[in-house]
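Whatever order the structure lists them in is the order used to number ligands and atoms, beginning at 1. Keep in mind that what you see is a predicted model, and the values were worked out from it rather than measured.
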Amino acid sequence: MERKAGNRAPFGTASLVLAIETSCDETACAVLDGAGAIRAELVSSQIADHAPFGGVVPEIAARAHLAVLPGMAKAALEAAGARPGDLAAIAATVGPGLIGGLIVGANFAKGMAIATGATFYAINHLEAHALTARLPGLGTVPAFPYMLLLASGGHTALIAVEGVGRYRRLGTTLDDAAGEAFDKVAKLLGLDYPGGPALERLATEGEAARFTLPRPLLGRPGCDFSFSGLKTAVAQIAARQPPGALPRGLAADLAASFQRAVVEAMADRLAHALVMMPDCTCVVVAGGVAANGAIRAALAMVASATGRQLMAPPLRLCTDNAVMVAWAAIERARAGASGDDLGVRCRPRWPLDAAPQTFIADKSNFVSV
Ligand code: KG4
Ligand code: ZN
């Protein structure tokens, strides 16, 4: 039996959406109005909880979400000047991600939807990243179709965004995600977790030509990524050094050489994707790795060489946040989606181009379960 919360008036620009993001190690809540204006935006990072372990520990993450979420949702509503009864919709990430955290966020949202009568939206985290650049107020709104490069700690993918609910995955990583590779190499170099930003800083002191590292899949057909061979190459060089901490100069040269290899691989893969999808109007980047200046610069060059603009949402919206979750719900509501069944399950894996779990109305085009 289908169970849906919410019998509210049709979704309009004044409607309020509360969104919840708990798929990894950030607890986030946001309140947006139906026009996309941000009324409240809160994020609590668990980095300090996971740092002693050198990576995200799923059980710790789920418990931390549980501890933080109720107070944060209340604070977000207060900051927005709204009461629970004012909400037209409640959206939560239900996948892909760490199952414990997803369950915490999704069940909280479902419970609030039942209690308030708001419509529940079950959001794909990747769809939320994919649509963020269309949020009003960020500059030119990218027109469909556009090319998305998503590079975070958990995902690396090139996706042609053809419309709301219409995504074509052109390539993904065959092994480690880009951010994961940065974090693992940073650890090898003696940097703290999460190592991406620290590695980028160290790389500025280093000589990128010092070490010849592999360029995974460079020049090969398609748009897939692979980073584990590159990481292993760095590990082998580090293992050949005398015991103890790596000398700073050598670590900096390794960081610069590694980053150069990643930059070249990403630029190559993006160039292939744009050849495959010549109609894409622009390139959008998302995910924490998009913070990397060298990567951004290389992607901007590839985009401009083909007459396209590189669009990067501000960093706080590139990394995990709940604004993007609310915006994905708004885009879906505008496209005609009437909300999701409260029986929707959380999905640790949920490829963006897989069949959606519920109806998505996209004008003429209905995709069923
Ligand atoms: O999107 P995000 O905040 O969280 C998820 O993984 O979902 O991405 C975090 C990842 C981490 O692996 C982090 O090391 C990486 O993004 N990162 C960077 C930089 N800033 C963050 N990697 C390279 N250079 C950076 N400046
Ligand atoms: Zn993410």
Side-chain angles (χ1 to χ4, degrees), residues 19-28 43-47 50-51 53-58 61 65 92-98 101-102 105 123-133 148-157 159 172-173 176-189 191-204 206 225 227 230-231 234 255-256 258-263 265-266 284-299 312-325 327-328 348-352:
I20 290 164
E21 160 61 42
T22 54
S23 66
C24 190
D25 61 344
E26 266 101 22
T27 315
V43 181
S44 165
S45 169
Q46 302 173 358
I47 283 179
H50 301 291
F53 305 94
V56 178
V57 182
H65 288 307
T93 301
V94 303
L98 299 173
L102 292 171
I123 301 297
N124 180 313
H125 181 85
L126 304 176
E127 179 171 46
H129 274 305
L131 297 174
T132 309
L148 172 77
L149 174 60
L150 173 61
S152 68
H155 306 280
T156 308
I159 295 163
T172 187
T173 181
D176 293 345
E180 190 181 357
F182 266 95
D183 294 339
K184 287 177 175 171
V185 168
K187 197 172 177 184
L188 287 167
L189 302 181
L191 304 172
D192 286 336
Y193 171 85
L199 192 150
E200 183 182 14
R201 280 193 298 276
L202 184 61
T204 60
F225 299 83
F227 296 108
L230 179 55
K231 170 199 65 191
V234 175
F258 164 79
Q259 184 171 275
R260 170 79 62 85
V262 175
V263 163
M266 288 207 160
V284 170
V285 288
V289 180
N292 187 289
I295 291 176
R296 265 193 204 217
L299 299 178
L315 196 59
R316 70 176 213 287
L317 299 178
C318 268
T319 55
D320 288 351
N321 65 88
V323 171
M324 68 179 190
V325 177
W327 178 244
R349 290 179 185 278
W350 186 4
L352 201 43

Can you list the ligand 1 atoms lying under 4.0 Å from a non-hydrogen atom of [X]?
X: G154; result: 6 (O)
X: G179; result: 12 (O)
X: G153; result: 5 (C), 6 (O), 8 (O), 9 (C), 10 (C), 12 (O)
X: E200; result: 25 (C), 26 (N)
X: D183; result: 11 (C), 12 (O), 13 (C), 14 (O)
X: G287; result: 1 (O)
X: T319; result: 1 (O), 3 (O)

Starting from atom 15 (C) of ligand 1, find the nearest protein heavy-atom neighbour and note its residue, name and distance.
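Answer for atom 15 (C) of ligand 1: V289 CG2, 4.0 Å.
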
Residue pair Q46 / S44, side-chain donor-acceptor N/O under 3.5 Å:
no

Mind checking whether F182 and F227 have ring centres under 6.0 Å apart?
no

Non-hydrogen atoms of H50 and V57 that approach each other most closely:
ND1-N, 3.0 Å

Which heavy-atom pair separates I20 from V325 by the least distance, and what is that distance?
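The pair with the smallest heavy-atom distance is O-CG1, 3.9 Å.
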
Distance-only N or O hit between ligand 1 and D320, under 3.5 Å
yes

E21 backbone acceptor or donor facing T93 side chain under 3.5 Å
no

Parallel, tilted or perpendicular: which one describes the rings of H129 and H125, with boundaries at 30° and 60°?
perpendicular

Angle subtended at the Zn ion (ligand 2) by H125 NE2 and D320 OD1, to the nearest 10 degrees, is 90°

Using a distance threshold of 2.8 Å, state whether an N, O or S atom of H129 lies below it from the Zn ion (ligand 2).
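It does; at least one qualifying atom falls short of 2.8 Å.
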
